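As the structure is a prediction and not an experimental result, all values here were calculated from the model. Both ligands and their constituent atoms are indexed starting at 1 by order of listing.
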Amino acid sequence: MTMDSNKKKTSYWQVSQQNSSDQGGWQEQNTIQAMEHLEEAAKLLRDGFIVAFPTETVYGLGADARNTTAVEAVFEAKGRPSDNPLIVHIANREQLSEFVSEINELSEALMNAYWPGPLTIILPLKPEVLSARVTAGLDTVGVRMPDHPVALQLLALAGCPVAAPSANRSGRPSPTLAEHVQADLDGRIEGIVDGGATGVGVESTVVQADADGTVTILRPGGITEEQLRTVASEVRMDPGLAAGNNEGLIAPRSPGMKYTHYAPKGSLCIVDGDASKVKDYIASRLHEAKEQGEITAVLAFSEHIDQYQADGLFSLGSMERLAEGAHLLYAALRSCDEIGASYILAEACPSEGLGAAIMNRLLKAAGHQIIHVT
Ligand code: AMP
Ligand code: MG
């Protein structure tokens, strides 16, 4: 069957001003109409259809996590490999007992500190409640409670655990605007709740919290290592995250680790090293590439961006405030595709705080191509 004969009618619901970066704004616009929209979207979820919605990290594509047909539709719409498990989203902690068998003290302390928020905790699964497609057959499940009024309201109205990966075609940058979801998934899903721009801009941090007091970061994200250290005595990065482990030298503890994600269509390389040498290197490579007829783009911090000449100059905000980079990164990667960039360079940032998540996503986007200039 062709794609056209399978084409779905995608409903759009506007629940805040378009492109508003102010999530708090939704509160004031919590009009009867927005509530009606969310009820409609929640009913679709309960009826086994798939709907995209905003969270504080990126837009998610939700399905009732107990319904295999619905969950399969998510994999199908995204073109996502079926061995990559989905994160389950909840509106309140009472929902956990439905599908989680046990919560240790450390996991509970993390929930107290960072829920709702961009932290996914891997927990032991109660058998036969969720679709096995959600967990890719694992005996654990990744769970989080998003810190976004639209997401929380939708999840509460749906009343079921909602499996939701990012609402992009697999391999594309995660969506931080409803327009990104539309570009990737229009006609493939039943609905899009438009709540304006997301907040953090990179996905949640995925952790496993062991009874011995150790937190292992399986994916860096919106909650930083430093923040986790305020709760746990021992915090470590999973060795599977190390650069160059793309070929699966260390068996991934989190299946998502092994996939190249977020790739722009052009070739992307990261440049790391002493700031002034990085600037000179990038400037001269962009110049050479332009002479060879490439369409060039650069992702750079605002402190240096004026010094480059390229067809696309995309700012990652200030190097002093990496939250800006996290917020801008995916839209910048999409913009590279929009201008048809064939040759893209990105400045590296320190892997501290949110910088760990930025570098993790940039490295994946670049297929781990990084040049260290000395
Ligand atoms: P995404 O849905 O694209 O944000 O990716 C979800 C991430 O969570 C992937 O990296 C998965 O591998 C990871 N994940 C989800 N569930 C589990 C689990 N039970 N154990 C380990 N990692 C998980
Ligand atoms: Mg994703």
Side-chain angles (χ1 to χ4, degrees), residues 50 52-63 65 71 74-75 77-90 96 99-103 107 118-127 129-144 146 151 161-176 180-181 184-185 198 200-210 215-223 237-241 245-246 248 250-263 326 329-330 333-334 357 360-361 363-365:
I50 58 175
F53 59 97
T55 79
E56 84 282 31
T57 58
V58 300
Y59 273 76
L61 176 58
V71 174
V74 166
F75 281 96
K78 281 183 61 89
R80 179 175 171 114
S82 62
D83 67 342
N84 196 2
L86 307 183
I87 292 169
V88 173
H89 294 65
I90 55 171
L96 284 172
F99 59 93
V100 163
S101 63
E102 196 193 316
I103 303 171
S107 298
L119 182 69
T120 296
I121 306 175
I122 305 299
L123 296 167
L125 187 63
K126 230 180 220 181
V129 182
L130 301 185
S131 164
R133 299 298 308 273
V134 170
T135 55
L138 299 172
D139 58 3
T140 54
V141 56
V143 191
R144 90 176 188 100
V162 171
S166 50
N168 52 284
R169 288 281 293 168
S170 208
R172 295 270 291 147
S174 295
T176 52
H180 298 160
V181 182
D184 279 15
L185 298 177
T198 59
V200 183
V202 290
E203 298 85 347
S204 60
T205 303
V206 179
V207 297
Q208 168 117 28
D210 289 327
V215 168
T216 306
I217 299 175
L218 302 177
R219 175 178 76 182
I223 296 290
M237 287 281 177
D238 191 276
L241 282 172
N245 189 40
N246 237 15
I250 304 169
R253 271 179 76 189
S254 184
M257 283 176 181
K258 66 175 184 276
Y259 292 107
T260 302
H261 265 327
Y262 326 121
L329 177 65
Y330 288 136
L333 289 170
R334 279 180 183 262
N360 172 271
R361 306 306 191 272
L363 281 161
K364 284 190 166 208

With atom 15 (C) of ligand 1 as the reference point, say which of A167, G60, P85 has the nearest heavy atom. P85
Are side-chain N/O atoms of T57 and S204 paired as donor and acceptor at under 3.5 Å? no
For ligand 1, which atoms sit closer than 4.0 Å to a heavy atom of P165? 2 (O)
Of all the atoms in N168, is at least one N, O or S atom closer to the Mg ion (ligand 2) than 2.8 Å? no
Numbered atoms of ligand 1 (with element) below 4.0 Å of L138, judged on heavy atoms: 18 (C), 19 (N), 20 (N)
Which atom names give the shortest non-hydrogen contact between L130 and V88, and what distance separates them? CD1-CG2, 4.0 Å
Residue part near ligand 1, for T140, under 4.0 Å between non-hydrogen atoms: both
Among L123, I122, D210, which residue meets the side-chain contact (heavy atoms from CB on, under 4.5 Å) test with S107? L123
Close side-chain approach of V58 and V202, heavy atoms under 4.5 Å: no
Between R80 and ligand 1, find which residue part has any heavy-atom pair under 4.0 Å and reply side chain, backbone, both or neither. side chain
Just which atoms of ligand 1 are under 4.0 Å from any heavy atom in I87? 6 (C), 8 (O)
Checking heavy atoms under 4.0 Å, the part of N84 that sits near ligand 1 is side chain
Which residues satisfy the ring pair (Phe, Tyr, Trp, His ring centres under 6.0 Å) test with Y330, sequence neighbours excluded? Y262
Take R144 and E203 through the salt bridge (Lys or Arg N to Asp or Glu O under 4.0 Å) test and state the conclusion after the steps. CA-CA 11 Å; R144 90 176 188 100; E203 298 85 347; over 6 Å; no
What do the steps show when you test K126 against D139 for salt bridge (Lys or Arg N to Asp or Glu O under 4.0 Å), and what is the final call? CA-CA 8 Å; K126 230 180 220 181; D139 58 3; over 6 Å; no
Under-4.0 Å heavy-atom contact with ligand 1, by part of R219 that carries it: side chain
